Amino acid sequence: MAADGYRWIPDQHGAWAMLAVPFLAGTLLAPRPGAAHVLLLVGWLLGYAAVFHAQQWLRLRTRGLRSAARHGRPAVVLGAAAGAAGLPLVALHPWLLLAGAAAASCVAVNTRYAVRGRERALVNGLVAVVPACGMLLVAARLGGADPGAVWRPALACLLYFAGTVPYVKTMIRERRSRAYRRGSIAYHAVALAAAGALSPWLALPFTACLARATALPGRGLKPPVVGAVELTLSAALLTTLLLAF
């Protein structure tokens, strides 16, 4: 049972910080965080897990593989649970339907990549970042914030998490690619300048991001170490956002 239960949890470990940091930033920057944010978080995480299993079911089913069956039940159960958490919120805040429709367009792109077996494609990763960072705007508005007042922290999250996509590739799948490494460093240099323009505080975590994109590829670090570095930087980003905005 423990093993079966574990399989219900998506194994995309790098996604959890991307799901959590924008949500927490939007919630904590809002004037009135409350119980509605708990429901939003539950629906958000369950929805992510349901979409993951649905995409894997489609990918494996398209190839006629029996292993697709193990993703069917989690997709249905988790999807129903996400809907149960989300329905009260939508009833009270119908504008959430618009946010969901905007996210659905990105999910559709990710699903297409998944069906084709190209989940690791650079574009697919970048597209996935958009709704995750958009959650900052959703959580902030749910807590009474004007979306126009929180666009800068949302953009900072987008700059940071978009940079993790090519960087992680330089550490694992594209660790021998000089082109990826040069592209990652160039992106982080531009992101540092853009983040510093949003707030001088943001120069601190983004300088660290540029340093790790420059110094760590090619050192043979194990995936758990790479993940630990990213978790530390994600926590630093969240702390900086709360200080700066």
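Throughout, residue positions are numbered sequentially from 1 according to the sequence presented. Because the structure is predicted, anything quoted here is derived from the model rather than measured.
To the nearest 0.5 Å, atoms CE (M18) and SG (C157) are separated by 11.0 Å. Between L241 atom CG and L28 atom CG the span is 10.5 Å, to the nearest 0.5 Å. Atoms CZ and SG, from F161 and C133 in turn, are 6.0 Å apart once rounded to the nearest 0.5 Å. Expressed to the nearest 0.5 Å, how far CG of L96 lies from CG of L87 amounts to 11.5 Å. Separation of atoms OG1 (T207) and CG (L192) is listed at 4.5 Å; rounding is to 0.5 Å. Rounding to the nearest 0.5 Å gives a distance of 11.0 Å between SG of C209 and CG of L204.
Y48 pairs by the ring-ring contact (aromatic ring centres under 6.0 Å, His included) definition with W16, not counting sequence neighbours. R141 meets the side-chain hydrogen bond (donor to acceptor under 3.5 Å, both in side chains) test with no other residue; sequence neighbours excluded.
At distances below 3.5 Å, not a single donor-acceptor pair connects side-chain atoms of N124 with backbone N or O atoms of A114. A donor-acceptor pair under 3.5 Å links the side-chain atoms of K169 to the main chain of R120, judged by distance alone. Under a 3.5 Å cut-off, the side chain of R61 and the backbone N or O of A68 do not form any donor-acceptor pair. Of the possible donor and acceptor atoms, none in the side chain of H93 sits under 3.5 Å from a partner among the backbone N and O of V90.
G79 and A50 make their closest contact through N-CB, 3.4 Å (heavy atoms, listed as atom of the first residue, atom of the second, distance). A139 and L40 make their closest contact through CA-CD2, 4.0 Å (heavy atoms, listed as atom of the first residue, atom of the second, distance). The heavy-atom pair separating A85 from L39 by the smallest distance is O-CD2, 3.8 Å. Heavy atoms only, all atoms of each residue included: R70 and P74 are closest at O-CD, 3.3 Å. Across every non-hydrogen atom of A75 and A54, the tightest pair is CB-N, 3.7 Å. Shortest non-hydrogen contact noted between A102 and S105 is O-OG, 2.7 Å.
In the displayed structure, R63 atom CZ is contacted under 6.0 Å by more than 12 heavy atoms of other residues, nucleotides or ligands.
Within the 4.5 Å cutoff, side-chain heavy atoms of E119 are placed close to those of R59. L136 places none of its side-chain heavy atoms less than 4.5 Å from the side chain of L24. Proximity of T170 to E174: side-chain heavy atoms (C-beta onward) are nowhere separated by under 4.5 Å. At a threshold of 4.5 Å between non-hydrogen side-chain atoms, the residues V138 and W44 do not count as touching. A 4.5 Å side-chain heavy-atom check between L45 and F23 finds every atom pair outside the cut-off. Between V115 and Q55, the closest side-chain pair of non-hydrogen atoms is not below 4.5 Å. The shortest distance between side-chain heavy atoms of W8 and R73 falls below 4.5 Å. Side-chain contact between P217 and Y180: absent, with no pair of heavy atoms (C-beta onward) separated by less than 4.5 Å.
Hydrophobic clustering, with ILVMFWY side chains joined whenever heavy atoms are under 4.5 angstrom apart, keeps V150 apart from W95. If you chain together hydrophobic residues whose side chains sit under 4.5 Å apart, L238 and W201 never meet in one group. Transitive grouping of hydrophobic side chains (ILVMFWY, heavy atoms separated by less than 4.5 Å) keeps M135 and V109 in distinct clusters. In this structure, L89 is a member of the same hydrophobic cluster as L19, with clusters built from ILVMFWY side-chain heavy atoms closer than 4.5 Å. In terms of hydrophobic clustering, with Ile, Leu, Val, Met, Phe, Trp and Tyr side chains grouped at heavy-atom distances under 4.5 Å, L137 and V21 are assigned to different clusters.
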task: Please step through side-chain contact (heavy atoms from CB on, under 4.5 Å) for the pair L198 and L159, ending with a clear verdict.
output: CA-CA 11 Å; L198 294 173; L159 288 168; 4.1 Å; yes
R212 and H188: CA distance, side-chain angles, deciding distance, side chain to side chain donor-acceptor pair (under 3.5 Å) verdict: CA-CA 10 Å; R212 66 97 158 83; H188 281 86; 2.9 Å; yes
- request: Evaluate the side-chain contact (heavy atoms from CB on, under 4.5 Å) criterion for residues R175 and M171: first the C-alpha distance (whole Å), next the side-chain angles of each, then the deciding distance (0.1 Å), finally the verdict.
  value: CA-CA 5 Å; R175 58 185 177 275; M171 298 298 293; over 6 Å; no
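Of the residues listed (Y167, Y160, F206), the one engaging L233 in a side chain to side chain contact (heavy atoms under 4.5 Å, CB included) is Y160, and it is the only one.
Note on ring orientation: taking the six-membered ring where Trp is involved, the planes of F52 and H71 are perpendicular (angle over 60°, cut-offs 30° and 60°).
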